[in-house]
Number of protein chains: 2
Amino acid sequence: MSVPTIATVAELAGVSTATVSRALQRPDKVQPETRRRVLEAVAATGFVPNSQARNLRSRATRTVILLVRDISNPFYLEIYKGVEEAAMRAGYKVLMGDARDDDERITHYVDMVRARHADGLILMVGRFPEALKTELSRLPPIVIALETFPELVLPTVSIDNIAAARQAVEHLLELGHRRIAHITGPLPERLAVDRLAGYRSGLAAAGITADEALIVEGDFSLDAGRKAVRRLNETGTSFTALFAASDQMAFGAISELRACGLSVPGDVSVVGFDDIVLADAFVPPLTTIHQPRFDIGRQAMARMIGLLGKEPAAANLVMETRLVVRGSTAPVRQHPHPNPRTKE
Amino acid sequence: MSVPTIATVAELAGVSTATVSRALQRPDKVQPETRRRVLEAVAATGFVPNSQARNLRSRATRTVILLVRDISNPFYLEIYKGVEEAAMRAGYKVLMGDARDDDERITHYVDMVRARHADGLILMVGRFPEALKTELSRLPPIVIALETFPELVLPTVSIDNIAAARQAVEHLLELGHRRIAHITGPLPERLAVDRLAGYRSGLAAAGITADEALIVEGDFSLDAGRKAVRRLNETGTSFTALFAASDQMAFGAISELRACGLSVPGDVSVVGFDDIVLADAFVPPLTTIHQPRFDIGRQAMARMIGLLGKEPAAANLVMETRLVVRGSTAPVRQHPHPNPRTKE
DNA sequence: ACGCTCGATGCAATCGATTACATCCTGCCC
DNA sequence: GGGCAGGATGTAATCGATTGCATCGAGCGT
């Protein structure tokens, strides 16, 4: 009563295992009548080819691993969907892993590919373990999405974080804001560094020198947004607008601002980054930078398929972002609200 | 320059492949000196055992698939984390799949297990394909989480949806609400049916007959929440409170209520279900039913490990939920707000 | 010193499907 | 009718690691 193998089917159909394999893989290579008998036997036994064996022989798994920075950020879900769609279409499966931006975990997933659990890796993580950089030639097929590692030559699908961040700041400037705070991502990382650079360049273009006290480091999480606002309040620096490097941080910031009795956008305008699903259901609906998540996923997978097919490497792709103006930003008040600590 | 195999290592270390395998698998079976030489050779070649070959032989993959109803619902992320933690600890990997509650996709994932891509399947989907019910004896190891299929005897980790929904309704009743609307999940499904039953039983216990016009079917999504409110407004039925079968729907509903000029909780109190991450950052913070997501995931994986280890089946588990009261519910007004359509 | 035990290691079968090559058979042409 | 082409099918090698069994040799007891 064990699992049926190709031999079980062969016996039942009265043919050799080779014929069974051919009947299933290259139908035109066997006679219709034989094929019918084989298919009948397959149905009767409930046979499903053991993919371990098949892959061992064919040296492919038709599976790719999608490794994300932090799986609890819903932002990545939409990307997964894009990857999955392109993969499904090409007969690939997708495995999602949570890197938690931890070198060990990342290396673990790279080893999974080396161990032939999967054919390739789509990376959306903030770090690239040093240990791996030294053995670039041994690396499995890798596509980078969202993030960029300029020192590595790997196919990449990304967005222009500098320009996007700058656009967010320009929007606030147009509304008359001058004291604009910024909650960054984890700072040694490119993604965070670029958005910060965009913020600075936006201010600079308007002739404003960035006040370092208005820049607080976060880590893209909800809680980081809350803490950042608390930190800004503690230092007592006043501001009328806030640009957060992720929607989650924007949400956290708004929730904390409200807790301090400040209204958004009445007292403080807030801009996020990502345009996650809940952004427009939030109260107020969040003004943010929209990223074409689904397409980023799809393109990344397309590149992976190309890579695995030994096609000539496609050029790196920079996807378009756009500013979505909703209710969390408004023109600055004539007399900016004082810092909440000094309020009442 | 191809990938190193166990033979490459064996040659370099001057031993047989068997010894290499043993040095790596059961260190106590080889002499320390031999082992040292083998490990040296492994390091030198960068050898990583091919898991296809290993698993083919050992008939296990140490991978489980976590199949969820809809991957874009962030609710599942926390569950994934629980599963992943328990899995990692036991040396298992976790693959997450998106079922989209589609029979074909579900069957596809079941076949992945049959094809030995994974050892077992943790299901968190609303449907159980009819086709599979007829071949129960052939099914791979399956654990059901969150959902229940009473007609199937499979290890299950769930919550008491009826009691939890009832508790939500009781909270609203205590605040004086009498006209309580309910947005259900997709209705043929157990999860949705149970929460609806809890809603009805809560009302009944207070001597109130449910007004069918106040019950609108949804599908757990943000958009379903918005549409449901629109639908309620169209029919012109007035209500002072709303119980949504998911937080996402609650968010959608609140956003739509606001768009109609109603305040929450001023005009309408809203209770959700799930307590997703953003629930307390929302404005107003959402009153909802908290589910121990992380533990549900962990327990489900624990059951799977037991199942794979051929341990005697553990009893089904019902996890505790609790009502979390936040800012989206308030005592009913003396004179309930009229239906927004008839307003002004 | 002989024989026996037991630990370390090697040999080769094995997991299950794929596929190069061999074999057989049918049918066609001269 | 003989020979040969070509299609259908079978045989067996192969992918790479694991593991039962065989072998070898060191150590020990008498």
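These values consider heavy atoms only, across backbone and side chains, with no hydrogens, waters or symmetry-generated copies. Note on naming: letters A, B, ... go to the chains in the order of the sequence lines (proteins, then strands), and numbering restarts at 1 for each one.
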Subject >> side chain to side chain donor-acceptor pair (under 3.5 Å) partners for B:Asp102, two or more places apart >> reply: none

Original post:
Sequence neighbours excluded, which residues qualify as salt bridge (charged side-chain N to carboxylate O under 4.0 Å, His left out) partners of A:Arg298?
Top reply: A:Glu85, A:Asp295

Original post:
A:Ile6 and A:Thr17: which non-hydrogen atoms are nearest, and at how many Å?
Top reply: CD1-O, 3.6 Å

Subject >> B:Asp103/B:Arg127 ion pair, N-O < 4.0 Å >> reply: yes

**OP:** Quick one, give me the B/S/- string for nucleotides 22-27 of chain D, reading 5' to 3', where B means a protein heavy atom under 4.0 Å from the base and S means that only happens at the primed atoms, P, OP1 or OP2.
**Re:** ------

**OP:** Determine the minimum heavy-atom distance between B:Lys81 and A:Asp98, stating which atoms define it.
**Re:** CE-OD2, 4.0 Å

**OP:** For a side chain to side chain contact (heavy atoms under 4.5 Å, CB included) with A:Phe47, tell me which candidate from A:Leu12, A:Val42, A:Thr8 qualifies.
**Re:** A:Val42

Subject >> A:Glu104 atom CD, neighbour heavy-atom count above 12 within 6.0 Å >> reply: no

Original post:
Residues from residues 31-50 of chain B sitting under 4.0 Å of DNA chain D, heavy atoms only?
Top reply: B:Phe47, B:Pro49, B:Asn50

**OP:** Using the heavy-atom set of chain B and a strict 4.0 Å cut-off, write down the first and last nucleotide of DNA chain C that makes it in, 5' to 3'.
**Re:** C:dA8 to C:dG16

Subject >> Non-hydrogen atoms of A:Ala90 and A:Arg62 that approach each other most closely >> reply: O-NH2, 2.9 Å

Original post:
Does a side-chain heavy-atom distance below 4.5 Å link B:Arg293 with B:Phe75?
Top reply: yes

Subject >> Ion pair A:Glu151/A:Lys133, N-O distance below 4.0 Å >> reply: yes

**OP:** Could you note down all residue pairs passing salt bridge (charged side-chain N to carboxylate O under 4.0 Å, His left out) where residues 36-56 of chain A supplies at least one of them, sequence neighbours left out?
**Re:** A:Glu33-A:Arg36, A:Glu33-A:Arg37, A:Arg36-A:Glu40

Original post:
Which pairs with one or both residues in residues 3-32 of chain A pass salt bridge (charged side-chain N to carboxylate O under 4.0 Å, His left out), sequence neighbours excluded?
Top reply: none

Original post:
Heavy atoms, side chains only, cut-off 4.5 Å: are A:Gln31 and A:Arg35 in contact?
Top reply: no

Subject >> side chain to side chain donor-acceptor pair (under 3.5 Å) partners of B:Glu189, counting only residues at least two apart >> reply: B:Arg69

Original post:
Between B:Lys29 and A:Ser58, who's closer to the 5' end of DNA chain C by nearest nucleotide?
Top reply: B:Lys29

**OP:** Report the residues that fulfil side chain to side chain donor-acceptor pair (under 3.5 Å) with A:Asn161, sequence neighbours left out, ordered by chain and then residue number.
**Re:** A:Arg195

Original post:
When you measure from every atom of DNA chain C, which of residues 10-27 of chain A have a heavy atom less than 4.0 Å away?
Top reply: A:Ala18, A:Ser21, A:Arg22, A:Gln25, A:Arg26

**OP:** Quantify the bending of the helix from C:dA1-D:dT30 to C:dC30-D:dG1 as the angle between its end axes, each fitted on five pairs, to 10°.
**Re:** 60°

Original post:
For DNA chain D, what residues of residues 108-118 of chain A have any heavy atom nearer than 4.0 Å?
Top reply: none

Subject >> Side-chain donor-acceptor contact under 3.5 Å, A:Asp119 with A:Thr61 >> reply: yes

Subject >> Minimum heavy-atom distance between B:Tyr80 and B:Val94, given as atom pair plus value >> reply: CE1-CG1, 3.8 Å

